[in-house]
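Report on one structure; see the data block that follows.
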Amino acid sequence: MKESLHYLLMANHFIFQKKLFANIKDTDLSLGQPKILDYLKNHDGTVQKEIAAACHIEQASLTSVLNGMEKKGLIIRKMCNGNRRSLYVFLTEKGAGLAERIEAEFEDIEKAALDGFAEEEKELLKEYLSKMHTNISLDE
């Protein structure tokens with residue numbers, strides 16, 4: 001039986017997430033937190049609105065996730081330049097260390113997932129997935 005594209009995409013996402021959480025069960029991270037840590041690793045000091053857009057999380061949901069991360073000591077939120085309307089999110093030392101680990105875990109899972117792929121195939125896969133994302137994001 002030939003599987004549909006949407007099934008394969010969802011199944012791969014599920015397996016990726018399952019492997020990630022199996023590998024980081026000692027961290028007490030919840031769903032959504034690894035991708036935020038991964039994003040902040042390269043965008044430390046970002047406003048919540050930008051994090052929500054980049055991580056594809058609704059603003060209200062993001063606030064809840066960030067509250068949990070703040071309680072765990074992974075991030076701090078503060079005003080910058082006297083701007084009272086926007087809180088900027090920064091990784092703590094603990095959060096930065098965990099972000100490094102998350103990046104390594106993502107790399108390990110990707111390496112296993114792409115085992116046997118030629119470099120050209122890997123690049124084509126990323127190109128195709130990026131193009132799909134662009135196509136279905138046009139209406140957002």
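Worth saying up front: this structure is predicted, and the values here are computed from it rather than measured. The first residue of the sequence shown is numbered 1, and numbering continues consecutively from there.
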Indicate yes or no: does E105 engage R101 in a salt bridge with an N to O separation below 4.0 Å. yes
List the steps and the verdict of side-chain contact (heavy atoms from CB on, under 4.5 Å) for E110 and F16. CA-CA 8 Å; E110 283 181 27; F16 194 103; 4.0 Å; yes
Side-chain contact, heavy-atom cut-off 4.5 Å: [X] with [Y]?
{"X": "L29", "Y": "I102", "answer": "yes"}
{"X": "F106", "Y": "D38", "answer": "yes"}
{"X": "F21", "Y": "L31", "answer": "yes"}
{"X": "K78", "Y": "V89", "answer": "no"}
{"X": "L62", "Y": "K49", "answer": "no"}
{"X": "K18", "Y": "I15", "answer": "no"}

Working for side-chain contact (heavy atoms from CB on, under 4.5 Å), residues H56 and H133: CA-CA 12 Å; H56 306 285; H133 181 266; 3.5 Å; yes
Could you check whether any side-chain N or O of [X] sits under 3.5 Å from a backbone N or O of [Y], counting only pairs where one atom can act as donor and the other as acceptor?
{"X": "S64", "Y": "A60", "answer": "no"}
{"X": "K94", "Y": "G73", "answer": "no"}
{"X": "E100", "Y": "G97", "answer": "no"}
{"X": "T134", "Y": "S130", "answer": "yes"}

Can you list everything that forms a salt bridge (Lys or Arg N to Asp or Glu O under 4.0 Å) with E103? Sequence neighbours excluded, please. K41
Check the hydrophobic clustering (I, L, V, M, F, W, Y; side-chain heavy atoms under 4.5 Å; chains of links allowed) and say if [X] and [Y] are grouped together.
{"X": "I76", "Y": "I51", "result": "no"}
{"X": "F90", "Y": "M69", "result": "no"}
{"X": "L5", "Y": "M10", "result": "no"}

Verify the neighbour count for atom NZ of K122: are there more than 12 heavy atoms of other residues, nucleotides or ligands below 6.0 Å? yes
Between CG on residue N23 and CD1 on residue I109, distance to nearest 0.5 Å: 5.5 Å
Measuring from I136:CD1 to K131:NZ, what's the distance to the nearest 0.5 Å? 13.5 Å
Please determine which of I57, L74, L87, I36 meets the side-chain contact (heavy atoms from CB on, under 4.5 Å) test together with L66. I36
Pairing donors with acceptors under 3.5 angstrom, does anything connect the side chains of R77 and N67? yes
Does a donor on one side chain and an acceptor on the other come within less than 3.5 Å for S30 and Q33? yes
Using side-chain contact (heavy atoms from CB on, under 4.5 Å), reason through L114 and E121 one step at a time and then give a plain yes or no. CA-CA 9 Å; L114 297 173; E121 291 172 317; over 6 Å; no
Which pair of non-hydrogen atoms, one from [X] and one from [Y], has the smallest distance, and what is that distance?
{"X": "F117", "Y": "L125", "result": "CE2-CD2, 4.4 Å"}
{"X": "A99", "Y": "L91", "result": "CB-CD1, 4.3 Å"}
{"X": "I24", "Y": "P34", "result": "CD1-CG, 4.0 Å"}

Whether H43 and Y39 hold their rings parallel, tilted or perpendicular, with breakpoints at 30° and 60°: parallel
Please write out which residues are connected to Y128 in a hydrophobic cluster, directly or through intermediates, given that two of Ile, Leu, Val, Met, Phe, Trp, Tyr count as joined at side-chain heavy-atom separations below 4.5 angstrom. L124
